[in-house]
Structures are given as structure tokens and as C-alpha cells.
Amino acid sequence: MSKPMIEIDHVTKEYRLGAIGGTTLNAEIQSKIAKLRGKEDPNLKIGTNKHRYGELFKALDGVTFDVQPGEAVGIIGHNGAGKSTLLKLISRVTAPTSGEIRLRGRVASMLEVGTGFHPELTGRENVYLNGAILGMTKAEIDSKFSEIVEFAEMEQFIDTPVKRYSSGMYVKLAFSVAAHLDSEIMIMDEVLAVGDAKFQSKCLSKMNDAAHNSGKTILYVSHNMGTIQRLCDRCIVLDHGHNIFDGSVDEAIGIYLKQGGGEGSIVDLSAFERNRWVTKTVKMTLMRFVGKDNCVFLQNSNMIFDFYWETSANADIQDLVLRCTFYHQSGVVAAFTTIGLGNAGPNEKHYDRIEISLQGMIPGNYYFTFDMNEVYSDGSDVWNDSCDQVTTISIEKHRTEDNSLHSDYSHMLPWRHSSYGSVCLASTILEEKSDYDL
């Protein structure tokens with residue numbers, strides 16, 4: 001039997017909370033003397049919790065698994081579960097605190113948009129730079145170059161400095177480089193979320209071919225359960241630095257959705273990790289289901305929740321819109337709705353009680369996302385804030401008066417409700433106010 005391509009053996013990664021060390025020797029001496037005298041560190045930033053400052057945090061705690069040659073393994077878990085940390089350790093970006101990682105083959109990794117690209121170099125130069133980092137010769141890169149550029153659809157821009165590329169252009173070229181250069185192991189971290197739907201499908205086909213026909217070993221992190229199901233043979237679920245499940249993809253997705261990004265009647269939206277492309281002029285802070293202590297809803301009922309959000313000091317927003325998108329547990333968009341929230345100025349706090357009709361959604365497990373956009377008169381918009389996988393809800397069959405189950409279409413997949421693949425749900429604001437107190 002062949003040896004695993006990747007061996008993760010009781011790997012732990014610790015970080016120290018807060019800044020590490022002072023900026024000058026004088027600051028270091030001041031902090032040391034204050035600590036010896038039992039006094040507060042004079043170099044602590046205002047508002048820092050001195051009791052937690054310097055505390056050790058385990059991003060990964062004793063993670064163990066193997067990946068066999070030609071296997072495509074998905075890694076899923078809520079934000080902060082340790083997924084990206086694990087991939088950085090495998091990619092040698094950082095070293096584990098304890099444990100051992102053994103790799104048998106060259107690694108091509110794509111951890112985030114633009115990683116490994118020098119902004120001042122052109123696309124052409126960055127292709128050769130990435131190949132050289134992987135240990136390839138110029139002749140080897142030459143033989144792959146035209147294929148890389150053609151796949152990325154970048155012929156027109158290949159000699160332009162990549163600092164002028166859009167995020168989508170970055171993704172196209174970076175993925176093409178990682179997929180075509182000669183490496184035995186491919187590591188992908190949620191990178192396809194930026195590309196358009198056509199290119200995502202193209203990338204998934206390429207990764208499928210790499211795993212199942214070319215024999216490459218793939219580790220893939222994603223919040224899109226549809227791509228996990230399509231690509232991966234096996235799935236690992238991480239939770240607070242521990243691998244809590246390692247097995248079939250369907251079972252892993254079920255565990256992950258029950259684990260949730262905030263399953264329950266109250267969800268702290270302020271704690272969610274934000275995409276770096278949002279403007280941050282608006283921030284969602286909390287949602288709370290009304291009249292429920294769980295996330296179970298009857299078929300064709302209404303979902304009512306209180307939604308809290310606030311604006312930054314430089315906000316001057318016209319026509320703010322909240323979009324709620326429901327995903328079936330397979331990762332396919334099942335339904336959506338948009339709610340107009342009006343205008344907002346600087347340093348405001350807002351509360352809205354929102355009602356969404358679940359009419360037309362079939363029984364099953366769903367998760368949903370929130371996006372807040374400012375819409376301009378010409379139809380364009382700006383992405384102000386976003387919370388991915390806010391929480392998981394279950395929709396159950398409702399009963400008729402004789403207590404028999406109402407007939408439904410649970411044998412149908414939710415994306416078959418309309419020719420465009422999703423249901424547009426009715427929604428309304430029941431109550432709204434500013435300057436609220438939680």
C-alpha cells in the first residue's frame with residue numbers, strides 16, 4: 001500500500017493574544033518592570049483587557065488525519081474553526097507549535113486572492129516566479145505557459161502589472177498557475193468564491209480532472225457545500241481547533257449545518273468574519289428570532305426576527321438594501337428576498353423587525369446569508385457588509401386539521417421551484433426604530 005501524500009500527526013498551533021513584544025527596547029524594559037512590580041503595562045493600548053493580554057489561544061489542538069494519493073478531501077467548519085490555519089501549516093507558511101506534518105510531493109497552494117503574487121510584476125513574470133518557487137525550471141514553465149494563460153482567459157492582460165488586476169482576474173490567473181504547474185498536492189482555501197459562476201464551474205471541472213484523472217491530491221476549504229459535494233471524496237469537520245468528524249461528505253455536511261454559525265434564537269452578527277471587500281460603513285450587529293427558542297419552522301409559515309445594525313462615522317447612505325439568501329444544505333441557492341432599509345447617516349444605530357414568508361420552500365435544512373448594499377439611481381450598488389452562513393434553519397412538514405401530514409414536494413430539489421433555480425420570498429418590515437438599546 002502506498003504511503004499517504006499528507007500526514008497530519010497531533011498538530012497543535014498556539015497564538016498569543018495581543019501584540020507580541022514592544023516597538024523599542026525602552027518599551028520592553030518598561031513593560032518588564034511593570035510586570036515585576038505587579039502594575040499595569042504602560043504600553044497596553046487603551047481598552048485592552050489586561051487579564052487576557054498575552055493569553056495563549058489554540059487555533060488547532062491535536063489535529064490528526066492522513067490524505068492518500070489522488071484523494072480530494074474537503075475541510076469545513078464555522079469561522080474560526082482552524083481551517084485556514086491548518087492549510088497555512090501544510091503550505092509551510094508557518095510552523096506548528098507541536099506535532100508533525102509530513103508531505104510527499106510538491107505543494108501548489110492558493111490560500112487567498114493574490115497570495116504569492118508580487119503586485120509590481122506583470123502576470124507573465126508572476127507565472128515564472130510561482131513556478132520557480134515550486135522548483136520548476138524555466139523550460140518546464142515555458143511548456144505550460146500558453147496553457148496557463150489560455151485557461152485564465154488573460155491573453156490581453158498578461159503583460160500588465162497585477163496590481164491593476166481586479167480580484168476576479170487575480171483569482172483566474174492564480175488558480176490557473178496552481179492547477180497547471182507540476183505539483184503533486186493542491187491546496188485551495190475558499191478562493192473560487194470570488195470568481196464568476198462560469199469560471200467557478202471551469203475550475204471545479206479542472207480540479208475534478210486533477211484529482212480523479214491526473215492523480216493529484218487536493219485539500220479544499222469552502223463554505224459552499226455544493227462544491228464540496230461535487231469535488232470531494234471525503235470531508236473533515238473542524239470545530240474550535242479539533243477535527244470532530246472525518247468521513248463521508250453527506251454526513252460531514254449534516255454535522256456542519258447542525259454545528260452552525262450561530263444556531264439558536266439569537267445570533268451575534270458582530271462576531272462574524274468580514275470579507276475584506278466590504279466598505280465597513282455599515283455593520284450588522286445582532287439578529288434575534290421572535291417568539292422562538294429554536295430554528296425550526298413549519299412549511300409555509302413566516303419567519304420573524306429582530307435585526308440590528310449600525311453605521312460608521314463616515315456613513316452617508318442612500319437606499320440601503322438587505323438581501324437574505326437561503327441555501328439548501330447541498331449548497332444550492334433555494335430562495336432569496338430583499339428588504340429596503342432606507343437612508344442612514346453617520347454613527348446611527350437601527351433596529352428592524354422583519355417578517356419573511358417561507359411559502360414555497362420545501363421541508364429540509366437550510367442556511368442563509370445576509371448582504372447589505374447601497375443601491376444607486378443608475379442601478380449599480382456598493383457592498384457595505386456581509387455575514388456568511390448566519391444560522392441554520394429546519395423547515396418541517398405541517399399537518400392538516402385531521403393531523404395527517406400535508407402533501408408536499410419533498411422529493412423535489414428546492415432549486416426546481418422556478419426556471420431560474422430559486423424562489424423569491426415575500427418580506428416586510430413590521431417595526432423600525434433608531435438609537436435602540438439592546
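Positions are given from 1, in the same order as the sequence printed here. Excluded from the calculations below are hydrogen atoms, water molecules and symmetry mates; all remaining heavy atoms, backbone and side chain alike, are included.
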Between Lys13 and Thr94, the two heavy atoms sitting closest are NZ-OG1, 3.2 Å
Would you call Lys172-Glu153 a salt bridge at under 4.0 Å N-O?
yes
Between CG on residue Asp61 and CG on residue Asp239, distance to nearest 0.5 Å
11.5 Å
Quick test of your reading: applying salt bridge (charged side-chain N to carboxylate O under 4.0 Å, His left out), list the pairs with at least one residue in residues 352-361, sequence neighbours left out, ordered by first then second residue.
Asp306-Arg353
Verdict with reasoning, Asn243 to Leu238, per side chain to side chain contact (heavy atoms under 4.5 Å, CB included):
CA-CA 4 Å; Asn243 50 335; Leu238 293 183; 3.7 Å; yes
Can you name the closest pair of heavy atoms from Cys232 and Val73 and give their distance?
SG-C, 3.8 Å
Can any side-chain N or O of Arg104 pair as donor or acceptor with the backbone N or O of Pro4 at less than 3.5 Å?
yes
Classify the side-chain pair Thr285/Lys349 by whether it contains a donor and acceptor separated by less than 3.5 Å.
no
Short side-chain donor-acceptor distance under 3.5 Å, Asn365 and Ser394:
yes
Worked check of side chain to side chain contact (heavy atoms under 4.5 Å, CB included) between Ser270 and Lys283
CA-CA 7 Å; Ser270 63; Lys283 185 173 183 179; 4.0 Å; yes
Do you see a donor-acceptor pair shorter than 3.5 Å between the side chains of Thr369 and Asp388?
no
Does Asp385 reach the main-chain N or O of Met284 with its side chain, forming a donor-acceptor pair under 3.5 Å?
yes
Could you tell me which residues satisfy ring-ring contact (aromatic ring centres under 6.0 Å, His included) with Phe370, sequence neighbours excluded, listed by chain and number?
Phe305, Phe307, Phe368
Show, in sequence, the C-alpha distance, side-chain angles and deciding distance for Tyr366 and Phe297, and conclude whether the ring pair (Phe, Tyr, Trp, His ring centres under 6.0 Å) test is met.
CA-CA 11 Å; Tyr366 299 84; Phe297 296 87; over 10 Å; no
Check whether Asn384 reaches the backbone of Glu374 with its side chain - one donor and one acceptor, N or O, closer than 3.5 Å.
yes
When you look at Val382 and Asn373, which way does the side chain to side chain contact (heavy atoms under 4.5 Å, CB included) test go after all the steps?
CA-CA 5 Å; Val382 172; Asn373 297 70; over 6 Å; no
Quick one: pull up OG1 in Thr325 and CG in Leu425 and give me the separation to the nearest 0.5 Å.
10.0 Å
Between Asp233 (side chain only) and Ala72 (backbone N and O only), is there a donor and an acceptor less than 3.5 Å apart?
yes
Counting C-beta onward and ignoring hydrogens, is there a side-chain heavy-atom pair between Asn300 and Ile395 closer than 4.5 Å?
no
Please check this pair: side chain of Thr311 against backbone of Glu348, looking for a donor-acceptor N/O pair closer than 3.5 Å.
yes
When you compare the side chain of Phe272 with that of Val267, does any pair of heavy atoms fall below 4.5 Å?
yes
Please examine the side chains of Ile76 and Cys235, heavy atoms only from C-beta on, and report whether any two atoms are closer than 4.5 Å.
yes
Check the surroundings of atom CD in Gln318: do more than 12 heavy atoms from other residues, nucleotides or ligands lie under 6.0 Å from it?
yes
Would you confirm whether Ser427, through its side chain, and Ile339, through its main-chain N or O, come within 3.5 Å as a donor-acceptor pair?
no
What's the separation between atom CD1 in Ile362 and atom NE2 in His328, rounded to the nearest 0.5 Å?
6.0 Å
If you look only at pairs with a residue in residues 67-77, which of them pass as a salt bridge (charged side-chain N to carboxylate O under 4.0 Å, His left out), with sequence neighbours excluded?
Glu71-Arg234
Are side-chain heavy atoms of Thr64 and Ile8 found at a separation under 4.5 Å?
no
Give a yes or no on whether the backbone of Val107 and the side-chain of Ser183 come within a donor-acceptor separation of less than 3.5 Å.
no
Does a donor on one side chain and an acceptor on the other come within less than 3.5 Å for Ser248 and Asp250?
no
Do you know the tightest heavy-atom contact between Leu298 and Ser301?
O-OG, 2.6 Å
Gap between atom CE of Met188 and atom CD1 of Ile218 - 0.5 Å precision
7.5 Å
Between Thr97 (side chain) and Glu14 (backbone), is there a donor-acceptor pair under 3.5 Å?
yes
Aromatic ring proximity, centroids under 6.0 angstrom, Tyr327 and Tyr367:
yes
Answer whether the closest heavy-atom distance between the side chains of Phe157 and Leu173 falls below 4.5 Å.
no
Side chains of His350 and Glu432: does their closest heavy-atom pair fall under 4.5 Å?
no
Has the side chain of Thr217 got a donor or acceptor atom that lies under 3.5 Å from a matching backbone atom of Gly70?
yes
Distance from Lys83 atom NZ to Ser222 atom OG, nearest 0.5 Å?
9.5 Å
Separation between CD1 of Ile75 and CG of Leu219, rounded to the nearest 0.5 Å
4.5 Å
Quick one: does Leu103's side chain get under 4.5 Å of Ile90's, heavy atoms only?
yes
Where is the tightest heavy-atom contact between Ile148 and Ser176, given as atom of each residue plus distance?
O-OG, 2.7 Å
Looking only at atom types and distance, does a side-chain atom of Asn130 sit under 3.5 Å from a main-chain N or O of Asn126, one as donor and one as acceptor?
yes
Is there side-chain contact between Leu322 and Trp309, with heavy atoms separated by less than 4.5 Å?
no
How far apart are the closest heavy atoms of Val11 and Pro96, and which atoms are they?
CG1-CB, 3.9 Å
